[in-house]
Each structure stands twice: as structure tokens, then as C-alpha cells.
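Keep in mind that what you see is a predicted model, and the values were worked out from it rather than measured.
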Amino acid sequence: MLASSTLRLLNIRPTPISSNQNPSEPDTKPVPQAWKLKGSARLNRWSRARTIRSGRKLDRPDQQVQVLEAKRPPVEATESEVNSVTKIDGDDDVGVRVGKSIYMISDGTGWTAEHSVNAALGQFEHCLVDRGCPVNTHLFSGIDDVDRLMEIVKQAAKEGAMVVYTLADPSLGESAKQACKLWGIPSTDILGPITEAIAAHLGVLPSGLPRGAPGRTIPLSEEYFRRIEAIEFTIKQDDGALPQNLYKADIVLTGVSRTGKTPLSIYLAQKGYKVANVPIVMGIELPKTLFEVDPEKVFGLTINPVILQTIRKSRAKSLGFNIETRSNYSEMDYVREELEFARRNFAQNPVWPVIEVTGKAIEETAAVILRLYHDRKHRCSMPRISKRY
């Protein structure tokens, strides 16, 4: 995660002793304090326990400060180095946590590198969330010549960053690999190994050209037009609009307000699925067409009432609702009643799977829906009862 605030690092140089000054006298000028690492208490306990289990010797805090001070560069910090330091206000002191940098280099858009790194960082949420190990990611896209590549690798070496690259051109990939090896930079080639494996499997050499490169033409496929059509359909069917068209949808989402129906619909539409969403509002009758369509393509969404109330309060405030409207919309009693109203509708339609979205990212909820959708479409064995996922 990117550092939220920064602390500028000043150049510290030893002050020479003048001829008139007695070396034994203490210097009256303030002495710059060494960097102080202040990590998460939970992370520190976990790290110490792991160190003891592995049989390694524990490092003392004073030793860590000395090592960090010795490695401090004797030049004024660059902007990227400033951005990699987090300032943390404590009760009596200020702790500084040095952020690790990850450079992502691509000769295309950088989508693959960025999403791969984000997926990997998801395995370190226990550390990133409480700032135990802050990380800064830097994306460099459209890097299609060696000179620009070498400039980035040199900067990574100065900053002590890790390099992750997706370079379709094998010569660029090899240049990045050798440069990182020369300067001792930890690096990972995301695209190269899988491209070589597919080439060996197919018995065909890859083009070596990134998307959008001159000379590479990608025809607009049927899938592309299907995705565009799905997005247009989904936008028109948002929030219960045009219920007479529900039968045209591939997937129908239903649930109370603020369960993520709209963003989930758009995400699925970008994958080529026509999605309609129908809100469940207490006191308002659901459209008849919702019960007339194929029930196997209808999915219910539910959420924890405490989380829903928090989301609704924030939403009501941002929309400028008056106090009376806001109380009806986000009061806990009303939230619970509306969720119970939705639950009764789900119970009356047991074929609809009910998906708990609390704590789930849109991608996670979409993955559950698509798995169930394709299981049903291909008639995989599945109990015809309502189930929470």
C-alpha cells in the first residue's frame, strides 16, 4: 500500500571540529537522531516467534537501527525515496517505517504486471493493513526500447527496489534479466515463462510483439462486440429499469440497496454477460417478471446489517439526505427489517442462490456467481436449495 504521508530525509554530514574547540567539550549543536523503525506490535510478535522457531538469533532493536543508519545514502533523498517513508505520530516520539518499492515494467499497458502484483500483495494484507511493511508500487508502461529500460533498472538499483516485468519482446526481457542480475536487483519475469510454456505446447513461436505495437493487428472479434452489447444492456437495466427485459438477461441480481448490485453488474458485463439488477425495497412489490424468468439465472445478495448500516449512513450523508429520510434509510431497525423482508423473498424462491457479500471483493462475488451460473448451464450436479456462499 502506498505511504499516506511522507517525511523528507535531510543530508546528514559530520561537522568538523574547529581548531578553537576542545574535543573533550560536548557539541552544543543538536545531533541528528538515527532512524527509528516502528513496526506493528502484532507483526513484531509474529516475526520474533518465527525467528525463534527457525533457530536463528534474534536481532536487537539497537542493532537494527545501526544497520539501517549505516546503509543510509550520503545524498539528499529523491522524490521516490521521500514517498517510500511513512511518518507515524506516536504519543512521545515519531517512528519512521521505510517502504519497499516494486517497479513494474511493461512494453504494453502494464495491466498484466499490475494485476499480478496486486494479487500477490493480497497475500500480505496482515502486514500491509496495519503498516507493518508499507509497499510502494510504480508502473512503467510502454517501455519498448533498451535505453529507457536501463534508466528504470538503474533507478530501481539506487532505490533498492524489486523489479517485475512483462516484456513480450524476448530481447527486452533478456536485457532486463541481465541488467537486474548485474546490479543485484531482485526481479521476476511474469510473462516470459508462461509464453515459453505455451509456445512449447503449441509448437509455434510467439510473435514477440506487445499489444498495440506497429505491425500487430488484432481484429475486432465476435467476443469484443458481445462485451460491448452486454455493457450497454447492463447499463439500461440498472436498478430495476425495464423489468420487461429481464428475460433477455444472462444473470439477474436482486438484493436490498447497497449490497453492490450495480458495480457487480458492470464487472460481469465487462466479461460479456448481460446482467440486470432488481432492488428489494420494503413496501414495494417486486416486478412480476422477476418470478417469471428462469429461476436458475437469478442470484440473491445479502450482507451483514451492521456493515450495511455503515455503508448507508455514508451514502445518505454524501447524497445530502435530510435527517428524516436518513433515519428511515440507515437506522438499524429499518435495515434489519428490510434484510428480513429480502430473506423471506429468497425463502419463497429456494432455487435462487443467496450470496453473502460481507467482506467480499466484487471479483470474489463474481467468481462465485459465474461458477454457479456455468454449473447450472452445463447441468452439473447441484442441490436445488437456497444456500449461502
The test is salt bridge (Lys or Arg N to Asp or Glu O under 4.0 Å); show your working for Lys154 and Glu151 and say whether it passes.
CA-CA 5 Å; Lys154 287 179 182 177; Glu151 289 178 7; over 6 Å; no
Let's go through Val153 and Cys180 carefully: what are the C-alpha distance in whole Å and the side-chain angles of both, what is the deciding distance for side chain to side chain contact (heavy atoms under 4.5 Å, CB included) to 0.1 Å, and is it a yes or a no?
CA-CA 7 Å; Val153 174; Cys180 290; 4.3 Å; yes
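- The pair Glu229-Arg226 does not meet the salt-bridge criterion, since no charged nitrogen lies less than 4.0 angstrom from a carboxylate oxygen.
- The backbone N or O of Trp111 sits less than 3.5 Å from a side-chain atom of His115, completing a donor-acceptor pair.
- Ion pair Lys377/Glu296 not flagged as a salt bridge, since none of the NZ, NE, NH1 or NH2 atoms sits closer than 4.0 Å to an Asp/Glu carboxylate oxygen.
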Ring pair (Phe, Tyr, Trp, His ring centres under 6.0 Å) between Tyr103 and Phe140: does it pass, once the steps are laid out?
CA-CA 7 Å; Tyr103 279 27; Phe140 302 89; 5.1 Å; yes
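- Side-chain contact, Asn277 with Asp239: no donor N or O sits under 3.5 Å from an acceptor N or O.
- Judged by distance alone, the side chain of Asp144 and the main-chain N or O of Asp107 form no donor-acceptor pair under 3.5 Å.
- At most 12 heavy atoms of other shown residues, nucleotides or ligands fall within 6.0 angstrom of atom OH in Tyr224.
- Counting non-hydrogen atoms of other residues, nucleotides and ligands closer than 6.0 Å to CG of Leu202 gives a total above 12.
- Side chains of Ser265 and Tyr273: a donor-acceptor N/O pair is absent below 3.5 angstrom, by distance only.
- For the 3.5 Å distance criterion, the side chains of Glu159 and Ser101 qualify, holding a donor opposite an acceptor.
- Ser116 and Ile190 make their closest contact through CB-CD1, 3.7 Å (heavy atoms, listed as atom of the first residue, atom of the second, distance).
- In terms of hydrophobic clustering, with Ile, Leu, Val, Met, Phe, Trp and Tyr side chains grouped at heavy-atom distances under 4.5 Å, Leu246 and Val281 are assigned to different clusters.
- Within a 6.0 Å sphere centred on CH2 of Trp183, heavy atoms belonging to other residues, nucleotides or ligands number more than 12.
- Looking only at distances, a side-chain donor or acceptor of Thr310 sits under 3.5 Å from a matching main-chain atom of Val306.
- Linking ILVMFWY side-chain heavy atoms closer than 4.5 Å, directly or via other members, places Leu301 and Tyr267 in a single hydrophobic cluster.
- Here the closest non-hydrogen pair linking Ile251 and Tyr373 is CG1-CD1, 3.9 Å.
- With a 6.0 Å radius and a threshold of 12 heavy atoms from other residues, nucleotides or ligands, Gln244 has its CD atom above the threshold.
- Counting all heavy atoms, side chain and backbone alike, Ser257 lies closest to Tyr329 at OG-OH, 3.0 Å.
- There is a side-chain donor-acceptor pair under 3.5 Å between Gln178 and Glu174.
- Within 6.0 Å of CG on Leu182 lie more than 12 heavy atoms contributed by other residues, nucleotides or ligands.
- Judged by distance alone, with hydrogens and angles left aside, the side-chain atoms of Gln237 form a donor-acceptor pair with the main-chain N or O of Leu242 at under 3.5 Å.
- Counting non-hydrogen atoms of other residues, nucleotides and ligands closer than 6.0 Å to CD of Glu363 gives a total above 12.
- Contact record, Ile143 with Leu172: O-CD1, 3.8 Å, taken as the closest heavy-atom pair.
- Of all heavy-atom pairs between Arg315 and Arg258, the closest is NE-NH1, 3.5 Å.
- In this structure a side-chain-to-backbone donor-acceptor pair under 3.5 Å is missing from Asn245 to Lys248.
- Using a distance-only test at 3.5 Å, with no hydrogens or angles considered, a donor-acceptor pair links the side chain of Thr289 to the main chain of Pro243.
- For the residue pair Ala366 and Leu268, the shortest heavy atom distance occurs at CB-CD2, 3.8 Å.
- Donor-acceptor pairing under 3.5 Å is lacking for the side chains of Glu223 and Ser221.
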Salt bridge (Lys or Arg N to Asp or Glu O under 4.0 Å), that's the test. Do Arg312 and Glu338 meet it? Break it down for me.
CA-CA 13 Å; Arg312 285 189 172 186; Glu338 197 163 53; 2.5 Å; yes
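- Linking ILVMFWY side-chain heavy atoms closer than 4.5 Å, directly or via other members, places Ile266 and Phe299 in two distinct hydrophobic clusters.
- Remark: the backbone N or O of Pro279 is not paired with any side-chain donor or acceptor of Lys261 at under 3.5 angstrom.
- Ile362 and Ile303 fall within the same hydrophobic cluster, defined by Ile, Leu, Val, Met, Phe, Trp and Tyr side-chain heavy atoms under 4.5 Å apart, directly or through other members.
- In this structure, NZ on Lys274 lies 10.0 Å from CD on Glu232, to the nearest 0.5 angstrom.
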